[in-house]
Structure formats: structure tokens, C-alpha cells
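For ligands, and for the atoms within them, numbers begin at 1 and follow the listed sequence. Side-chain atoms are counted along with the backbone in the values below, which use heavy atoms only and exclude waters and symmetry mates.
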Amino acid sequence: MMRVLLVEDDELIGNAVKQALNDAGSAVNWVQDGISALASINTEEYALVLLDLGLPKKDGLQVLQELRQNQSQQSSLPVIVITARDSIEDRIKGLDLGADDYLVKPFSIDELHARIRAVVRRNNGVANPIISNSIMQLNPATGDVIRDEQSFSLSAKEFALLQALMLRPGNIFSRDSLEESIYGWNEEVASNAIEFIIHALRKKLGKDSIKNVRGMGWMVIK
Ligand code: CA
């Protein structure tokens, strides 16, 4: 699906969220304090940050404030605040500081997925939950893709890769950028992993579903 930074100092919640996102095909980098969060945001590209508020070293609200004041393009990175504090005051503060949404603990994994889908959609300027180009429709809620009125189910990685391409149809993606958008830090990536996934996608969806731009990478048409 995409690369997510998870900032959470609670081991149990952190493990559960990371696992759930990995299962859904997202690459997750998990840090456990506010200073590591800012350092990671400054060195890696993320599609989304899940930010706990009560954090060691630097509070989540402070992290959010510094992120939004940052002059780089990372300052507009979507942030979903995760908070155990069910106080209206904290939520308002978070939203005022530029959080895109929030989740109050304990939350269900389904709710987490739904919020992430909504925030990523908004951030990509895609109002319709179905991501489509002129030949295919991808449904993030079901993980299915439809082509020529036929529905195909995809593996998590296949879905993640196709979604990365389809959110920016017409753009060419290099192997490195595709690897970055679907694998996390600690995941072993075989040198031909991307080619392997693309081969599988083409087999299901047709050779022309993903174009190979020689020497540069891959793209889907608009
Ligand atoms: Ca915490």
C-alpha cells in the first residue's frame, strides 16, 4: 500500500498496529519516541504518520508542531494522532496543530484502516474511493481490481505496488521508489522482487496493465 511511520511507545499497541498494517500490504517503520520520529521524518519519505501523543523525549503534540513548522515538503505529511487521552482538549489541540484525523485508544483495526484510507485519499486529491485509470478500477476497501468487468484479487504486495502506480497514472516509478513505497526498513527485499510482482500483476491483468519504460521504470497509463 504505502510507507507508514508509526510512532508509539506502547509495545503491545505498536506490535498490533504494525502487524495489521503489514498484513494490509503497507511498509511500516516503527519508532518509540518523539525525537526519533522527527529524525525519521527528515530522512525518509512517508505517505502517512501515525502519531501517539504520550511519548518519551518529545510529546506527540510537540512533534506535530515542529513537523508543521518545518519548511520542507514533509510539513504537509498526513498525520493521524493516536491518543489514549480521551479529552476533547487534546483532540482540538491536535487538530489545531494540523493533525488530519485522530484515533482514540482502544480502536479497532478496521477503524484504523478506514481512517488511513480516508486520509490518504484526501491527501492525494482522490475524492472517489475507487482509484481508476482508463482501463482498471482499484478498490482499496476490498483489495480487488476490476478490468473488463472481471474482478481480480491481489496479494498484499501486488495491491500495494499497483496502488502506488495508480495514484499517479502517467508517472514513471523507478525500482527504488517502488521498493520504498511497499517495503519497510527491516524487510529483506530480493533484488528482483519488484519485477516479480509486476510479472504477477501483468499475468492477471494483461501485459498492457503496467508499462515498462526501458531504463527508467514502470507506469500505468492515465
Ligand atoms: Ca504513549
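- Among the backbone and side-chain atoms of Glu8, none of the N, O or S atoms lies under 3.0 Å from the Ca ion (ligand 1).
- In summary, Gly60 places no N/O/S atom under 3.0 Å from the Ca ion (ligand 1), failing the contact criterion.
- The closest donor-acceptor contact from the side chain of Arg3 to the backbone of Tyr183 lies under 3.5 Å.
- Side-chain atoms of Asp59 come within 3.5 Å of backbone atoms of Leu61 as a donor-acceptor pair (strictly under, hydrogens ignored).
- Looking only at distances, a side-chain donor or acceptor of Thr43 sits under 3.5 Å from a matching main-chain atom of Ala39.
- Around the Ca ion (ligand 1), the two atoms OD2 of Asp52 and OD1 of Asp9 are separated by an angle of 80°, to 10 degrees.
- Panel note: side chain Ser151, backbone Ile146; no donor-acceptor pair is recorded below 3.5 Å.
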